[in-house]
Structure formats: structure tokens, C-alpha cells
Amino acid sequence: MNEIKIPDTRTETPDSRVDASLRWPLFALFGGAAFWLMAGSVLAMIASIKFHAPGFLAACPWLTYGRVQPASDDALLYGFCIPAGMGVALWLLAQLGQTPLRGAIVPVFAAKLWHLGVLVGLAGILSGNSTGFVWLEFPRAASVMLFFAYLLLALWAMMNFAARRERALFPSHWFLVAALFWFPWIYSTANLFLVIWPVRGVVQFAINSWFTNNLLFVWLAFVGVGAAFYFLPKFSGRPLQTYYFALFVFWTLVLFGTWCGIPPGAPLPAWMPVLSSVAATLTIVPVLAVGVIAWQTLCGGEKCATRGGPFCFIRFGTLSFVLSSLMLIATACPRISRVTEFTWFGPAQTQLQLYGFFAMTMFGAVYHLLPRVAGFEFPFPKLVRVHFWVSLFGTGLLVLPLAIGGVEQGLKLNHPDVGFMDALKATLPFLRASTIGLMLLLFGNLLFALNVFGLTFVWEKALVKKVFAAVTAPLNAPEVRA
Amino acid sequence: MKNGALIFLAAFIALGGSWCGFVLAPQLQLGGTKQTAILNSSEVYPVDRLGEASLGLQAYRANGCAACHTKQVRQDGVACDVILVNSGTNRLAVQAAAQAVNPALPGLIGSRQTVLHNASKAAADVAISKISSAGGKAEISIIATGPDIARGWGLRGSVAEDFLYDNPIQLGSLRAGPDLADEGARLPDINWQLVHLYAPRSLIEGSVMPPYRYLFKVRKIGGKPSPDALILPPELVLAGREIVPTPEAKELAAYLLSLRVDVPLPDAPVTPPGGSYASVGGESQAGSGEEAMFARGRAVYGSLCGLCHGNDGLGKTDQVPPLAGSEWVNVRGFQRAARIALAGLNGRIQAKGKDWNLSMAAMGAALSDADLATVLTFIRQSWGNQAGAVTADDVTAVRAAIGARPQPMNGDQLKSVPE
């Protein structure tokens, strides 16, 4: 694909050759991701409105709350987060290794297959064919498509990594390579033992919890923190503080983070939740270390020209990582979990993790890299800042009310004298406030999609022009002369 | 970085550690779990769901009920009640022993008196030994504690055994609606469940559950009305039309009725009110003696009514009216009480000088006439209530009088029935 030369104002450097080689795969990954981001937002709005008016769209089985809500979550995670994360990982590995991607047609195909899988999966959930497992609702056919699409993407990223010209390893490498192979492992385990050859009883719950934690906490942290460890030094103009700290984060995350996720009150043999609580407590170490590294790297850095929209996104994403992880760790503590378990505090934590941390980090990365890859500026560069502020307030208005409402609900539910309906009614104002947050996020996502689709359009237009010019070009002068 | 391969291998092993811990180890420990014996019973638990109830789990999954409902009861711990069963020959000595254990005890001790309430196991053992050395007989009643259980969401906390046959397991993680682990024991009325699915707000004021109209069909009542048609509250009745549940709705309701957590297990001991585990709906094995009938009534009450009305018959403040001393129960005639039990309650009612707005499920389908008679007798003769016994024939007569498909009534409608 990289033989197509787009008129480029930049000079030809190794960087830009790497960028050009990634053009097709990244547009395929990010274009679909932007679309699913919008779709997920719309589904989340529908789900949220049902708390204002339970009868809203209730006659349509495809849009009942119990289907729309998991569909919106999955559209955000599988539709946006993972393909965006894979795109950023491909770009980072190619950039860090100074190696253009070869055989770009395969990742393009994989990206298309992935997004088709998401379409099949969402249709499956909405038509009532969900598997019933949290964060694994996609029916079997969709899971198979996602699995193979991911394998192809990971394989190409690994081949690029193995052939890298710059042999030095950076902290980001560790995180990204671990992410590349951890997802197929957890995804195949969960699908094989839950959907294809289901194990019995509560073992299903143990595996489901393990999978959820390793995807939502560990995988997202690998990719998001790995990306942040590349971008933070780049934006601040100061090396990562420090390399060894980053390696320490990696090891503690691998050793402790992977063991979190079994809720303290689960009907499982006691050793599992206890082990998980201990692991969660130890996970404070990598989480705080990420905060310290980001702080040290940013403070004292000179204000360089690269600071701007993308920088704000990544800084906010890193902050959200620390906050959402601390929320996760808190809910693993039995005493806090007594209040927060089964309340809206859980969804608040998940949204902060998925949206505040991961999606925001990806927005920053995409805003930084996509113009370089395309060879064009975004058509609406000013909307980047608007998107940042809208998303920031949107995340706040979504997460804060849910978290506060969740604590309120938990305290009320722990008092058997407070009727269930009274506890429920106490949460409704918070739920309704969170709808405003979702509306802002929907608007922010629209701005993101506008820029991504606009850039795609500009790029494709240039491509068509180029092809047209090549086809209609007059014959070469020497022949005429002869 | 020369050790790249080595480091990746180490990371691989570290990641795999969690796989061994939370995938392999649970499967090795629990993968081969079989049914367990119920405490003090020859039955085994759990029993796989059959027919409609088993299909209903798939309706539960397909419609994403677990997005708002958990199916797991949390338990904080256990407490022990010491109950004096038999005073033996030397009543005074037993009474002195009991009062030594609990000085707050009243002077005169009857049979089946609670001597110690909410005590630790050690204190209960001391009490038992003191009473038995005085010649009396006492037994320990194990009570599970915790807010969920106090709410009436189950007799004990959920344990691994409860989910042996659930595929896919639907534990849920959010209580936007109430916990459903014990739904079948709390609301064993299939019509209540179906009407609640069709129009939740007609039964629960302010409910935010969406109405599942797509699980029902509106049909013209032809020459032969459907036997499945819903018995609706008056404001939902459509002239000349009936609401018929689809098979999916009936399966879902059957599944909800199958949900219970009231079985005492070796690793989740609990003493069902009434002393032993009673399989409600099964044959009454109590025999015909008055004591035995009363015990059966206590058992049925404990597993159905007590969840809301409390084992002390005092109900729940502002939520569930008391039965102790209630003018609907503690009166000579049983006509009204029997109608409430058979057909349920819906709407406003006055009880013990307070206004209540209730939606109580009908128990007529869940209980046989004999069991209804024992439980009505138990209610009418406990906690200071002193009304007469009710026989199975009495219940049969009331059931015949209200017809096969009775409407749940409100207070005013009940008052029009002679006592």
C-alpha cells in the first residue's frame, strides 16, 4: 500500500515512511472505532432515558434495557477501546522500532473483520442472543471473528516488532507486547470455558470475573499506560522519570493486577475473594507509581510546541487511570465493598476506567498521530479543544453522580428498615443527572467522529484525485517528440 | 536489552499464574461438585430445573434481567436462638436455669419459648447444657444475619451449591431492582409475576422496571377465553380483550417461581422457622396431631410469609403490616384472612390503625388447602393471637366461593365480605 504517494508538505524522513505504511490499517481501525463510539453513546443514552421513563421504547424487544445496556458497554469496549488501542499499539511499535509495516493489507482485512464481528455481536445482543456473561455477551460467531481478527493484528504487530531497526527496548514496548498476547489468552479461555464447553456452576463466575478484570483493568492498563509512557515524555520534552520506575510498574501490574477482580461477597470458596483483595491492595503500588512517574515527567518539562489538545487528553487520561484504579482497589476492600457492592458505584468506576482513562488516552493519541499518518491536518482542528472540555465535563457528570448515588444507595440498602423502593428513589436524581453527562459525551464523541471522518474524506478525495490524475495524465513528452 | 526473551518468558509465567489461580484452581476444586445432602433431611440439593423453569433461565438471559437484578444474597454471619422445647418434669428447675441464662425472661415459661435470642454459638451451648442438666430439653435455632436477610431476600446467604445447574450463571452485579435469589419464596403467585412483567407500575408504585409488553399478546375474547389470560387490576382491563402471556413470558415466570434460597446446607447452616426444612408444595408429612399441624403451619409460615411479615409477626415498619393483633387475622371469622391468603391483596387497606398501600402475592396456587389451613391456624394462634383453628375443608369452601381466577382485593372490597 505504501507505494501510493500522497502529496506531502513534510520532508521524507524515516518517521514519515513509517507513518505512510500505516495509513490504510489505521484508517480502517480508527474509522470503525469512531463509528462504534457514536453507536455506543446512542445506546447508552437510550438505556439512561429509561430511568426517566421506563416505558420509553419498551414495546421493542431489541431496545429493552437489559439488552441496550450491555450492548452500549460492549460497543464502547469492543467497538472503540480495543481497535483504537490496537491502532495506537501498531503505530507505537512501528515508530519506536523505526520500521515501516509490511503487508499492510492483512491488518486492513483484520480491522474490517473486527468491526464486522462487533456488528454481528451487537446484533446478537439486541436480538436476545447474548451469552449472558458480563463483558462477554457477544454470541459465539462474533467472538470467533474478533479472536481471529485480533490474532492477525497482533501477529503483524509482533512481526513488525521483531524486524525493528531500532533495537533498543522502551518501557512502552513491554506494556504493548504483553497486551498483544494477553488478550488472545484471556479471550480464548473465557469463550472456551464459558460458551463452548461451559464449566459448571460458580466456576463460571470465577472465570468470568478473572476475564473481566484482566480485560478491563490489565489489558487497558497495558495499552493505555504503555501509550502514556510514550506520549508524556514526548509532550513534556523530558525523559520518562524514570525507566526503572516504569519497569517496576510493569512487573507489579503483571504480578498483582492480574489477580484482582473476584468480589469480596461472591458465593465462592473464601480463598478466592481473599486472594483477590490482597492482590488489589498490592496493586496500589503500580497505580500510585504511574501517578508519580507522570508527575515527575511533566513537572519541570519545558513548554514545547507539541503541547495542545492531545497533551490535555493524555494528561487527563493518566489522572483518570489513577482515580479509577483507586476506586477499583477500594471496592475490593471488604468493608467498603459491603456498601458499594451491587450499587451504581461499580458502573461509575467502570465508566471512569473505560472512558475517563482509556478512551481519553486514545483520543489524545489519535489526535496526535492520525494527521501525521494521513499527511493532512484535521479538517476541524479547533474542535479538538472543544472535544476535550466537553468530554472532561461529560465524564465528570457521568461518574460523580453515579459514584455518589451508589454510596447513598449502598448505605440505604444496608439498613433493612429503609424500604427497597425508598433506596431506589434516592438514587434516581443521581441517575438522571448522569444522563446529562452521557449527553455531553455523545456530543464530544460526535466531534471526534467529525474530525476522523472528515480527515478520511480529505484523504480519500486526495487519493481519488491522484488516481484520476495518473489515469488522465498526458503521455510522456519523449514519446511525443519521437 | 539482551535479556529480552528471558524477560518476556518471565512475564508470560507471571500472567499465567493468575490463569492457574482463577481458572484452573476453581475448576479443580469445584468442577466436579455434585448435589449435597440437605441438613437434617434425606433430600439432596439442588435439583435441576425442569420444563418451563429451565427454559425460563434462557429468557432471563436473553432479556438481560441480570443488568438490574442480582441473584445472590449476602450474609454477615450467624446467630443462635435457644428454644425451650420441653420443660420436662421439674418445671421450676428448668425455669430457674432458663432465667440464669437470660435474666430478662418472664416468670412463667411455656413450651416453645425462646430462651436466648441472637446469641453466639458458645453462649447457646452453655444455655443448652444448663437447661438439660435441669431436666428440660432445648434446641438451637441457627439464624443467618445481615441486611439482605433482614430484608426478607432469603433465609441465608447464597453459596456455591445454589448455582450448580445454572448455565449461564446470572449472578448480576447491580441492584437497580431487588435481589431475585428468593423470588419464588417471596412471591409464589404466577399471576402476580406475569402482571408485574406486563405492567410493573400497576403493582409497585414508582417502579422503574420497564413494562415487558412484548412478552404478551392482546387478543379478542372469542367464544372460549384463554385459560392463561392475566387476571388484571381493573384499571388495565381492556373491554372485550384479554392479555395472554407468550410461552417466553410463562417460562420466565416459572423460572422466577423456581428461585429460592431457604435450604439448609452443611456449609450454610440455617434453621428454617418451624425447626425443619419443609418443602412447600410437597405433601404435608406432619401427620394429623394438633401439635404436628401447628408445627407444619410454623414451617410453611417461615418459608413463605415470614420473609415479609417477620417471624415475630410484627411485619416491617411502613412496609409490611403486622399480623400479631391485626384486626384482619385475630378475629372470630376466617373468611377475610383466607381470601387474602388465597387471592392476594392489591391497593389500600387499614390495619392496626395505619394506612397501607400493598401488593401482596396470592398464595392460593403455591399452597394446598391443607397447608393453607395449617398456616392460617398458626397465624391466628401465635404472637398473642387467639382465634380459632381453620380446617382444610374451610379453605376449600372459600376457594370454591371466590372461583378459580380470583382478583386480588383491597381493604374496602374485603370489608364487604362477611367476617
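A note on names: the letters A, B, ... follow the listed sequences, proteins ahead of strands, and every chain is numbered from 1.
The residue among B/Pro147, B/Gly64, B/Ser18 with the most heavy atom pairs within less than 4.5 Å of chain A is B/Ser18. Most heavy-atom pairs under 4.5 Å with chain B, from the set A/Phe51, A/Phe181, A/Phe345: that is A/Phe181. Each of B/Thr33, B/Asn167, B/Val159, B/Asp148 has some count of heavy-atom pairs under 4.5 Å with chain A, and the biggest count is that of B/Asn167.
Remark: the backbone N or O of A/Gly132 is paired with a side-chain donor or acceptor of B/Gln170 at under 3.5 angstrom. Side chain of A/Arg67 to backbone of B/Ala62: a donor-acceptor contact under 3.5 angstrom is found. Here the side chain of B/Arg151 pairs no donor or acceptor atom with the backbone of A/Asp417 at under 3.5 angstrom. Here the side chain of B/Arg213 pairs no donor or acceptor atom with the backbone of A/Ala58 at under 3.5 angstrom.
At a 4.5 Å heavy-atom cutoff, the contact between B/Thr70 and chain A is made by side-chain atoms alone. For A/Ala59, the part lying under 4.5 angstrom from a heavy atom of chain B is the backbone only. Residue A/Trp344 touches chain B through both its backbone and its side chain, counting heavy-atom pairs closer than 4.5 Å. Only the side chain of A/Val177 comes within less than 4.5 Å of a heavy atom of chain B; its backbone N, CA, C and O stay farther away. With a 4.5 Å cut-off on non-hydrogen atoms, A/Thr343 touches chain B through its backbone but not through its side chain. Residue A/Leu431: no heavy atom, backbone or side chain, is found under 4.5 Å from chain B. Using a 4.5 Å cut-off between heavy atoms, A/Ile262 touches chain B through its side chain atoms alone. For B/Ile204, the part lying near chain A is the side chain, with the backbone staying farther off; criterion is any non-hydrogen pair under 4.5 Å. There is no contact between A/His52 and chain B, counting heavy-atom distances below 4.5 Å. In this structure, chain B has a heavy atom under 4.5 Å from the backbone of A/Thr131, while its side chain stays farther away. Of the atoms belonging to A/Asp422, not a single heavy atom falls under 4.5 Å from chain B. Both the backbone and the side chain of B/Leu30 have a heavy atom closer than 4.5 Å to some heavy atom of chain A. A/Leu424 touches chain B through its side chain: at least one heavy atom from C-beta onward sits under 4.5 Å away, while N, CA, C and O do not. No part of B/Ala66 comes within reach of chain A, as not one of its non-hydrogen atoms sits under 4.5 angstrom from that chain. Heavy atoms closer than 4.5 Å to chain B are found in both the backbone and the side chain of A/Asn414. For B/Asp267, no part sits under 4.5 Å from any heavy atom of chain A, backbone or side chain. Contacts between A/Pro61 and chain B at a heavy-atom distance below 4.5 Å involve backbone atoms as well as side-chain atoms. Contact annotation for B/Ala59: neither backbone nor side-chain heavy atoms come within less than 4.5 Å of a heavy atom of chain A. Using a 4.5 Å cut-off between heavy atoms, A/Phe211 does not touch chain B at all. Looking at B/Glu205, only its backbone comes within 4.5 Å of chain A, counting heavy atoms on both sides. A/Met421 touches chain B through its side chain: at least one heavy atom from C-beta onward sits under 4.5 Å away, while N, CA, C and O do not. Looking at B/Ala176, both its backbone and its side chain come within 4.5 Å of chain A, counting heavy atoms on both sides.
We find that A/Arg200 and B/Asp166 are not joined by a salt bridge, their nearest charged nitrogen and carboxylate oxygen being 4.0 Å or further apart. In this structure, B/Arg175 does not pair ionically with A/Glu341, as no charged nitrogen and carboxylate oxygen lie closer than 4.0 Å.
No side-chain heavy atom of A/Tyr65 sits under 4.5 Å from any side-chain heavy atom of B/Met209. Between B/Asp76 and A/Arg338 the shortest side-chain heavy-atom distance falls below 4.5 Å. With contacts defined as side-chain heavy-atom distances shorter than 4.5 Å, the pair B/Arg74/A/Phe342 qualifies. Contact of the B/Asp162 side chain with the A/Pro267 side chain is not registered, since no non-hydrogen atoms from C-beta on lie closer than 4.5 Å.
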Candidate pair A/Phe133 and B/Ile169, rule side chain to side chain contact (heavy atoms under 4.5 Å, CB included), full reasoning: CA-CA 8 Å; A/Phe133 294 106; B/Ile169 194 165; 4.2 Å; yes
Audit row: A/Trp62, B/Tyr214, side chain to side chain contact (heavy atoms under 4.5 Å, CB included) steps and yes/no: CA-CA 10 Å; A/Trp62 282 57; B/Tyr214 63 85; over 6 Å; no
Audit row: B/Phe12, A/Trp182, ring pair (Phe, Tyr, Trp, His ring centres under 6.0 Å) steps and yes/no: CA-CA 9 Å; B/Phe12 184 85; A/Trp182 192 222; 8.7 Å; no
Worked check of side chain to side chain contact (heavy atoms under 4.5 Å, CB included) between A/Met272 and B/Gln29: CA-CA 11 Å; A/Met272 288 185 225; B/Gln29 186 184 1; 4.2 Å; yes
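The shortest non-hydrogen separation linking B/Pro211 to A/Gly55 is CD-CA, 4.0 Å.
B/Phe22 and A/Trp259 have perpendicular rings, their planes meeting at more than 60° on a 0 to 90° scale where under 30° would count as parallel. Aromatic ring orientation, A/Phe193 versus B/Trp19: tilted (interplanar angle from 30° to 60°).
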